[in-house]
2 protein chains.
Amino acid sequence: MTSETHPNAVAETAPVGFQEHDHQTCVKTALVSAEGRCKEEGLRLTPVRRKVLEMLLQEHRALGAYAILDRLRDEGFGSQPPVAYRALDFLVQNGFVHKIERLNAFVACSHPGASHSPAFMICRKCDAVAEAQSASAKGVLGAAARAAGFEIERTVVEAEGLCPDCTEKA
Amino acid sequence: MTSETHPNAVAETAPVGFQEHDHQTCVKTALVSAEGRCKEEGLRLTPVRRKVLEMLLQEHRALGAYAILDRLRDEGFGSQPPVAYRALDFLVQNGFVHKIERLNAFVACSHPGASHSPAFMICRKCDAVAEAQSASAKGVLGAAARAAGFEIERTVVEAEGLCPDCTEKA
DNA sequence: CTTGTCATGTTATTTCATATCATGTATTGC
DNA sequence: GCAATACATGATATGAAATAACATGACAAG
């Protein structure tokens, strides 16, 4: 399967936190900021990695690894799964991208640089994804973990439901 | 977020994982309780479904669908993926089993019947899984969701880290 | 120049999940 | 009881996500 049909394409007006915004600027800013951080920290934002990040910023919604791979192929990059997965690993590792476990898909980070314990809202209808802060490790779960002697290293917090748009339509 | 000034939130959250307990009894009890609830609600706890639930209760950790399938085959049930997935669907749908998104695996519910917004602690070393209550929809995330007009239907809360046992060994 | 490191390319395979159609088995309503 | 219906299962095939293993290239440090 190499064709990625765009089922419920969310048009050009992509939602961050389900809101309209100047998307081109937001993409550009994020890319520049990423480049900056990489330079600072001696990370190598290579062409593949940069492209993947750009794609995810552009889309502003979750993309599966194979959808990304298709686009990479179209742009003349390698077209085998590891190409995409390695780029994604790098981006996730360094906080530029998050994996949405519920969807087995990836989304560009909306708060680059910020201290990261992200939470997501995922629309089950249009697949739009909004990022918020979770800090859930400090709440009930954190307490339970301490009580149990469990050492939290990372948390996945994902809320599934209906975004404002889809709620209206229903 | 939900701060430590509300300790009562924690009281009910006995973390059922990572602890010794009378396992045979716990399995039996859970099975009986499940049977009861199915009878009450007119659900059909068929042999495959019962077996899958029993297996998951027995293991007391997350099992992948194909691991379950292998065991089903050994017990003389059908051995094709849909057999396992259908049983799992039923069990998840009705709250007897939870899917751990992070692991693409399934675990028996530890609080059968209880109001369900589960949270999990997953040991990255031994794959042990403990269930707690999350209530995360009421914390920061809930606030963010309300602000954004997002309607939460279900939440995935999974903490990854080291369980007490594995922490000791390290 | 050679050694080491990191990134990429490529092949193959494993693991997770679902669509589809055929068949069987319980209820239910007559 | 018995047919009609709904629900459950069996079986085949395929889709989709992820990784193992090995080879090559690019580049900096010694």
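Order of the sequence lines sets the chain letters (A, B, ...), proteins ahead of strands, with each chain counted from 1. Scope of the values below: all heavy atoms of this structure, side chains included, with no hydrogens, waters or symmetry mates.
A:D70 places its CG atom 10 Å from the P atom of D:dA16, with the value rounded to the nearest Å. In this entry the distance linking CZ of A:F90 with P of C:dA7 reads 7 Å, nearest Å. In this entry the distance linking CG of B:L45 with P of D:dA8 reads 11 Å, nearest Å. For B:L43 and D:dA6, the CG to C1' distance is 15 Å, given to the nearest whole Å. Atom-to-atom, CD of A:E75 to P of C:dG9 comes out at 14 Å; the value is rounded to the nearest Å. A straight line from CG of B:L63 to P of C:dT15 spans 14 Å, rounded to a whole angstrom. Here C:dC16 presents its C1' atom at 14 Å from CZ of A:R102, a figure rounded to the nearest Å. The interatomic distance linking A:L69 (CG) with D:dA16 (C1') rounds to 12 Å, in whole Å.
Side-chain proximity of B:Q80 to the nucleotides D:dT12, C:dT11, C:dA17 is greatest for D:dT12. Among the nucleotides C:dT10, D:dA18, D:dT9, the one closest to the side chain of A:Y66 is D:dA18. Nearest to the side-chain atoms of A:P81 among the listed nucleotides C:dT10, D:dA18, D:dG10 stands D:dA18.
Within residues 46-56 of chain B, the residues that have a heavy atom under 4.0 Å from DNA chain D are, in order of number, B:T46, B:V48, B:R49.
At a threshold of 4.0 Å, the pair A:R71-A:E75 does not count as salt-bridged, since none of the basic side-chain nitrogens sits closer than that to a carboxylate oxygen. A salt bridge links B:D70 with B:R73: at least one charged nitrogen is closer than 4.0 Å to a carboxylate oxygen.
Between A:C163 and A:M121 the shortest side-chain heavy-atom distance does not fall below 4.5 Å. Counting heavy atoms from C-beta outward, A:V156 and B:E160 have side chains that stay 4.5 Å or more apart.
OP1 or OP2 of D:dA18 has at least one side-chain nitrogen or oxygen of A:K99 nearer than 4.0 Å. The shortest distance between the side-chain N/O atoms of A:N104 and the OP1/OP2 oxygens of D:dA18 is below 4.0 Å. One finds no side-chain N or O of B:Y85 lying less than 4.0 angstrom from the OP1 or OP2 phosphate oxygen of C:dT18.
Taking both residues in full, the closest heavy atoms of B:G78 and B:V83 are given as O-CG1, 3.9 Å, listed atom of the first, atom of the second, then distance. Listed here is the closest heavy atom pair of A:F90 and A:R44: CZ-O, 3.7 Å.
If you check every strand for non-hydrogen atoms under 4.0 Å, B:R44 touches sugar and phosphate atoms only.
Each of B:S79 and A:L103 was assigned the nucleotide of DNA chain D with the nearest heavy atom; the assignment lying further toward the 5' end belongs to B:S79.
A continuous path of Ile, Leu, Val, Met, Phe, Trp and Tyr side chains, each step under 4.5 Å between heavy atoms, connects A:L88 with A:L45, placing both in one hydrophobic cluster.
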